[in-house]
Amino acid sequence: MNNYLDSVLKDVKIKNLNEPEFIQAVNEVLSSVEPILDVHKEYEDLSILERMVEPERIIMFRVPWVNDNGKIVVNRGYRVQFSSLIGPYKGGLRFHPSVNLSIIKFLGFEQIFKNALTGLPIGGAKGGSDFDPKGKSDAEVMRFCQSFMTELYRHIGQDVDVPAGDIGVGGREIGYLFGQYKRIRNAYEGGVLTGKDICYGGSLARKEATGYGLLFYMREMLSAHGQDLKGKTVIISGSGNVAIYAAEKAYQMGATVIAMSDSNGVIIDKKGIDLDLIKQIKEVERGRIKEYMKKHSDVTYIENTPNYSPIWEIKADIALPCATQNDITLEDAKKLVLNGVFAVGEGANMPCTYDAIEYFHHNGVLVAPAKAANAGGVATSAIEMSQNSIRYYYTFEEVERKLENIMINIFNDCKNAADTYNLGSNYVAGANIAAFKKLAEAMKMQGVV
Ligand code: NDP
């Protein structure tokens, strides 16, 4: 690694000592932008890297709310407004007990690059809370969301910062957050949140966008290598928003999804996962994936245990990690390679560890990197914002067509960057370089801010 990169990375490690996920995300990007720094020596003089790794603003706040037993519960809220370089801050909110500053900063950092890849005018941010919606009543979730927004509202706006969903934040949560924002502001600002329901300003195909986008990217990547999805077997971790719509598009493209999971365990159904049943369990009943067995007794269910994901032991052609970060470790990667997997598509953010990705590359496995491959969600959020601005709505087909074109362009950008810098089929580095170049140039033009 060149001296400039090395010194910035050392500094990041010192300044963010207790933030391993953030350091991991920065390390992954910095390790791959060396070729472009060699060409653009001026980036060092302009301290481009130092500015890119430091969030513009971090907001942390108390979120007190009352549970159904009348007890006052206190959670912690976060919003990291990382970069407004190319548009209003934009990125989801995550409600999960594992949320801390390191997780939100890593997600916010990734978001800057992802949003730049979409080619749309959106900056990067992320937020959330250590609140766990699982097992809470709708009334508890509503009270929490109202309290969260009572602080957050002063930091966001349709031209300032536009949050959306992420783990634990779906249509229900966005609805409660939007209602409270509207009440406090005494104005309908449709574009302040995305992922809204269609009936009050959401976009058709937003719900499907991240999963569908992942498959569009996968199709492009496979096609560049003379392959396609027809007849392939697919394993998908998670059974939330991204996982469900990745599975739906995989089926539409002729593949068969043979396993899906949640944080408790994995369902293996060799006939092909019954996606309508998964939607019923997860989207309607908010239940556990294990309940799949009540209707299909001829399937296998394996419980997860700490640090062990049985899903990556299943033999399949394509693996789509769509649950959470660091889901595929080096050990998992070895099992997947041994079982003949030939492509991995990152639906979740940073689902593969750095050494797992390196192992895949050394073994000829194609990797569709999260920043690029799951950018369809935020891209469609930007399309939702633009529909809110023009007060006009596109059909499902129109939005899906725009999404497909954006994903094709993103893949081409990653491939062109990989070709330009002789990186072969390393689209992880390709994505980092393509996004980094856009951001660095914008930073150069905007002066020292
Ligand atoms: P959801 O909350 O809808 O679903 C998350 C899924 O992952 C659930 O099935 C959940 O299981 C599972 N999961 C969560 N944590 C763990 C864990 N520690 N171990 C095993 N399984 C786990 O979230 P999304 O589908 O929206 O998000 C999934 C990933 O995709 C995240 O990394 C997110 O950042 C990323 N992403 C999401 C986008 C979007 O538009 N929604 C856009 C781009 C990226 P359980 O129900 O048991 O908790």
Side-chain angles (χ1 to χ4, degrees), residues 21 25 90-99 103-104 106-111 113-115 117-118 124 126-128 132-135 163-174 194-195 202-203 205-214 217 236-247 259-267 278-279 281-283 285-292 303-312 320-329 332 345-352 369-382 384 403 407:
E21 294 84 2
K90 179 91 195 85
L93 298 171
R94 177 176 291 190
F95 292 169
H96 192 271
S98 64
V99 163
I103 302 265
I104 299 297
F106 116 65
L107 290 165
F109 182 71
E110 292 274 302
Q111 197 81 42
F113 295 87
K114 178 186 318 204
N115 293 4
L117 283 172
T118 66
K126 201 78 187 191
D132 187 0
K134 226 179 281 165
D166 191 79
I167 292 179
V169 179
R172 173 182 61 171
E173 291 75 15
I174 292 290
T194 58
S203 173
R206 171 60 187 92
K207 185 173 68 175
E208 293 80 358
T210 309
Y212 278 24
L214 172 65
Y217 188 100
I236 303 182
S237 68
S239 46
N241 174 264
V242 180
I244 286 176
Y245 293 96
M260 291 181 79
S261 66
D262 66 14
S263 54
N264 293 114
V266 181
I267 283 288
I278 293 282
K279 286 184 183 177
I281 295 170
K282 290 294 175 182
E283 295 186 329
E285 296 163 13
R286 298 181 190 278
R288 310 311 305 154
I289 205 162
K290 194 178 183 175
E291 288 154 33
Y292 189 96
E303 289 272 343
N304 295 332
T305 50
N307 303 319
Y308 169 65
S309 311
I311 190 160
W312 308 127
L320 302 178
C322 295
T324 193
Q325 63 275 357
N326 294 331
D327 191 3
I328 297 186
T329 61
D332 298 319
E346 295 189 314
N349 285 311
M350 207 166 74
C352 301
K371 271 184 210 81
N374 73 22
V378 75
T380 308
S381 277
E384 180 175 338
L403 166 67
M407 297 314 297

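Numbering of ligands and ligand atoms starts at 1, following listing order. Please read all numbers here as calculations on a predicted model, not as lab measurements.
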>> Between Tyr308 and Thr305, does the side-chain contact (heavy atoms from CB on, under 4.5 Å) criterion hold? Intermediate values first, please.
In response: CA-CA 5 Å; Tyr308 169 65; Thr305 50; 3.2 Å; yes

Would you mind listing each N/O atom of ligand 1 next to any protein N/O under 3.5 Å, plus the distance?
| from | atom 1 | to | atom 2 | distance (Å) |
| --- | --- | --- | --- | --- |
| ligand 1 | 2 (O) | Gly168 | N | 3.0 |
| ligand 1 | 3 (O) | Asn241 | N | 2.9 |
| ligand 1 | 9 (O) | Ser239 | N | 2.8 |
| ligand 1 | 9 (O) | Ser239 | OG | 3.4 |
| ligand 1 | 9 (O) | Gly240 | N | 3.4 |
| ligand 1 | 11 (O) | Ser263 | N | 3.3 |
| ligand 1 | 25 (O) | Asn241 | N | 3.1 |
| ligand 1 | 25 (O) | Val242 | N | 3.0 |
| ligand 1 | 32 (O) | Arg94 | NH2 | 3.4 |
| ligand 1 | 32 (O) | Asn349 | N | 3.1 |
| ligand 1 | 34 (O) | Arg94 | NH2 | 2.9 |
| ligand 1 | 34 (O) | Asp166 | OD1 | 2.5 |
| ligand 1 | 34 (O) | Asp166 | OD2 | 3.3 |
| ligand 1 | 34 (O) | Asn349 | ND2 | 2.8 |
| ligand 1 | 40 (O) | Arg206 | NH1 | 3.4 |
| ligand 1 | 40 (O) | Arg206 | NH2 | 3.1 |
| ligand 1 | 40 (O) | Thr210 | OG1 | 2.7 |
| ligand 1 | 47 (O) | Ser263 | N | 2.9 |
| ligand 1 | 47 (O) | Ser263 | OG | 2.4 |
| ligand 1 | 47 (O) | Arg288 | NH2 | 2.4 |
| ligand 1 | 48 (O) | Lys134 | NZ | 2.8 |
| ligand 1 | 48 (O) | Ser263 | OG | 3.4 |

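Under the ring-ring contact (aromatic ring centres under 6.0 Å, His included) criterion, Tyr292 pairs with His296, not counting sequence neighbours. Residues that satisfy the ring-ring contact (aromatic ring centres under 6.0 Å, His included) test with Tyr212, not counting sequence neighbours, are absent from this structure. Phe106 is linked by a ring-ring contact (aromatic ring centres under 6.0 Å, His included) to nothing, counting only residues two or more places apart in sequence or in another chain.
A salt bridge does not link Glu110 to Lys126: none of the charged nitrogens lies less than 4.0 Å from a carboxylate oxygen.
For the atom pair Glu291 CD and Ile278 CD1, the distance stands at 10.5 Å (nearest 0.5 Å).
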